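As C-alpha cells, the structure follows; a few thoughts come after it.
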Amino acid sequence: MPIATRLRTLFCLFSAVLALSSAPARAAEMPVRYDGPAGQVLTVHTFGASATIASISAWDRVGNRWIRALGPYSGFVGADGVGAAGEGIARTPAGVWGLSQAFGNLPGYGTRLPYRQVTQWDWWVGDSRSLLYNLPFLCPPGLCPFDERASERLGAVGRAYDRAVVIDYNRWPAQPGRGSAFFLHVATGEPTAGCVALPAADLDAVMRWLDPARQPVIAIAAA
C-alpha cells in the first residue's frame with residue numbers, strides 16, 4: 001500500500017476515534033426498573049439472587065431518557081446475595097432506597113451529600129430494642145444508651161468506612177429486626193455483610209456525582 005494511502009487510512013481512523021470520544025452520551029437501557037421521580041439513580045444489578053458480585057452504574061435523567069453517567073463498575077453485595085434483608089442475615093436489600101447522607105474516616109473529597117468525618121465516638125445503632133435503632137449516634141464506648149455489641153462503632157471499622165454513603169433502607173420509622181447499617185462503602189475484596197461495596201476510586205467518583213438536589217436513589221435487584 002502506498003505511503004500516502006496508509007497516511008489517509010490512519011488519519012480516517014484517528015478522526016473516527018476523536019468523533020466517538022467527543023460524541024454526546026447516548027441513552028442506554030437501565031438494568032433495574034425505576035419509575036420514580038429521582039433525577040439520579042445508582043443501579044446495582046446481580047445475575048441471580050445468590051450472586052455476590054454486582055454491576056453498578058450511575059444514571060442521569062435527561063428529559064424522558066436515562067443516560068449512563070458512570071460505570072458500569074464491578075462491586076460486591078452481601079454474602080447471602082440480594083433479596084429480603086434482616087438482622088443477622090448478610091443479604092443486601094432489594095428495592096429502591098434514598099441516598100441522603102454520607103460519612104467516613106477520611107474527608108469527603110468533594111461529595112455534595114451532607115458528610116460527617118467520623119470519630120471513635122460515632123456509632124450506627126443496631127440494637128433493635130432501642131428507640132435509636134438504625135440511626136447514627138454519638139457517645140463514648142462503654143457509656144452508650146443501647147447495646148453496643150449489636151451496633152457498629154463507625155470509626156473502628158477500618159478501610160471499608162474510609163468513605164461511605166448511607167442507604168436509607170428501613171428508616172423513618174425503622175422496623176425492629178428488618179436490618180440496619182446498610183451502606184455503599186469501599187470494597188475490601190470480598191462480599192459484604194449486606195452493604196454494597198465499590199473500589200475506592202469508583203466510590204469517590206460516585207460520591208462526587210451524587211447531587212442531593214436531584215433526590216438520588218439506589219435501585220438494587222437480581223436478575
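We use all heavy atoms of the structure for the numbers below, so side chains are in, but hydrogens, waters and symmetry mates are not. Computed from a prediction, not measured in an experiment: that's the story for all the values here. When a residue number appears, it is its place in the shown sequence, counting from 1.
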statement: Taken in chain and number order and not counting sequence neighbours, the residues that satisfy salt bridge (charged side-chain N to carboxylate O under 4.0 Å, His left out) with Arg159 are none

query: Rounded to the nearest 0.5 Å, how far apart are CE of Met30 and CZ of Arg65?
result: 12.5 Å

message: Show, in sequence, the C-alpha distance, side-chain angles and deciding distance for Leu42 and Leu184, and conclude whether the side chain to side chain contact (heavy atoms under 4.5 Å, CB included) test is met.
response: CA-CA 11 Å; Leu42 186 70; Leu184 171 66; 3.7 Å; yes

message: Nearest 0.5 angstrom please: Thr92 OG1 to Tyr169 OH, how far?
response: 11.0 Å

- prompt: Which atom pair, heavy atoms only, marks the closest approach of Ala187 to Ala197?
  reply: CA-CB, 3.6 Å

query: If you take all heavy atoms of Pro145 and Ser130, which pair is closest and at what distance?
result: O-OG, 4.3 Å

Side-chain donor-acceptor contacts of residues 211-223 below 3.5 Å, not counting sequence neighbours, with atom names and distances?
unit_1 : atom_1 : unit_2 : atom_2 : d
Asp211 : OD1    : Ala213 : N      : 3.0
Arg214 : NH1    : Asp60  : OD1    : 2.9
Arg214 : NH2    : Gly39  : O      : 2.9
Arg214 : NH2    : Arg61  : O      : 3.1

Disulfide (SG to SG under 2.5 Å) contacts in which one or both residues fall within residues 71-145, not counting sequence neighbours: Cys139-Cys144

field: Sidechain-backbone polar pair: Arg112 side chain, Arg208 backbone, donor-acceptor under 3.5 Å
entry: yes

- prompt: Closest approach of Pro176 and Ser128, non-hydrogen atoms and distance?
  reply: CB-O, 3.6 Å

query: With distance as the sole test, does Gln40 use its side chain to make a donor-acceptor pair with the main-chain N or O of Ala58 at under 3.5 Å?
result: no

Which donor-acceptor pairs under 3.5 Å do side chains of residues 72-79 form with protein atoms, sequence neighbours excluded?
none

message: Show, in sequence, the C-alpha distance, side-chain angles and deciding distance for Leu138 and Thr119, and conclude whether the side chain to side chain contact (heavy atoms under 4.5 Å, CB included) test is met.
response: CA-CA 9 Å; Leu138 191 68; Thr119 69; 4.2 Å; yes

message: For the backbone of Asn170 and the side chain of Asn134, can you confirm whether one donor and one acceptor N or O come within less than 3.5 Å of each other?
response: yes

- prompt: Would a distance-only check, ignoring hydrogens and angles, find a side-chain to backbone donor-acceptor pair under 3.5 Å from Tyr161 to Ala156?
  reply: no

message: Quick check on Trp209: does its CH2 atom have over 12 non-hydrogen neighbours (other residues, nucleotides or ligands) under 6.0 Å away?
response: yes

query: Any side-chain heavy-atom pair from Asp202 and Ile56 closer than 4.5 angstrom?
result: no

query: Is it the case that Ser180 and Trp124 place a side-chain donor and acceptor less than 3.5 Å from each other?
result: no

message: Check for me whether the distance between the ring centres of Phe146 and Trp123 falls short of 6.0 Å.
response: yes

message: Just verifying a value: how many Å separate Trp66 CH2 and Thr43 OG1, rounded to the nearest 0.5 Å?
response: 10.0 Å

query: What residues form a side chain to side chain donor-acceptor pair (under 3.5 Å) with Thr46, not counting sequence neighbours?
result: none

query: Do you reckon Leu113 sits in the same ILVMFWY cluster as Leu70, going by side-chain contacts under 4.5 Å, direct or chained?
result: yes

statement: Tightest non-hydrogen contact, residues Val44 and Val32, listed as O-CG2, 3.9 Å

- prompt: Transitively linked via ILVMFWY side-chain contacts under 4.5 Å: Val186 with Leu198?
  reply: yes

message: Using the rule that Ile, Leu, Val, Met, Phe, Trp and Tyr join whenever any side-chain heavy atoms are under 4.5 Å apart, tell me whether Phe182 and Leu154 fall into a single cluster.
response: no

message: In the structure I gave you, are the side-chain heavy atoms of Leu132 and Asp127 within less than 4.5 Å of one another anywhere?
response: no

- prompt: CZ of Arg163 to OH of Tyr115: how many Å apart, nearest 0.5 Å?
  reply: 6.0 Å

task: Please answer whether the main-chain N or O of Asn105 pairs with a side-chain N or O of Gln117 as donor and acceptor at a distance below 3.5 Å.
output: yes

Over 12 non-hydrogen atoms of neighbours within 6.0 angstrom of CG in Leu131: no

task: State plainly whether one hydrophobic cluster holds both Val118 and Val157, where clusters connect Ile, Leu, Val, Met, Phe, Trp and Tyr through side-chain heavy atoms under 4.5 angstrom apart.
output: yes

- request: Not counting sequence neighbours, which residues clear side chain to side chain donor-acceptor pair (under 3.5 Å) with Gln175? List them please.
  value: none

- prompt: Is there a path of hydrophobic side-chain contacts, each under 4.5 Å between heavy atoms of I, L, V, M, F, W or Y residues, that connects Phe103 with Val206?
  reply: no

- prompt: Can you tell me if Arg91 uses its side chain to pair, donor with acceptor, with the backbone of Ala84 under 3.5 Å?
  reply: yes

query: So which heavy atom on Phe183 is nearest to which on Val166, and how close?
result: CD2-CA, 3.9 Å

- line: For Arg129 and Asp147, the nearest pair of non-hydrogen atoms, with its separation, is NH2-OD2, 3.9 Å

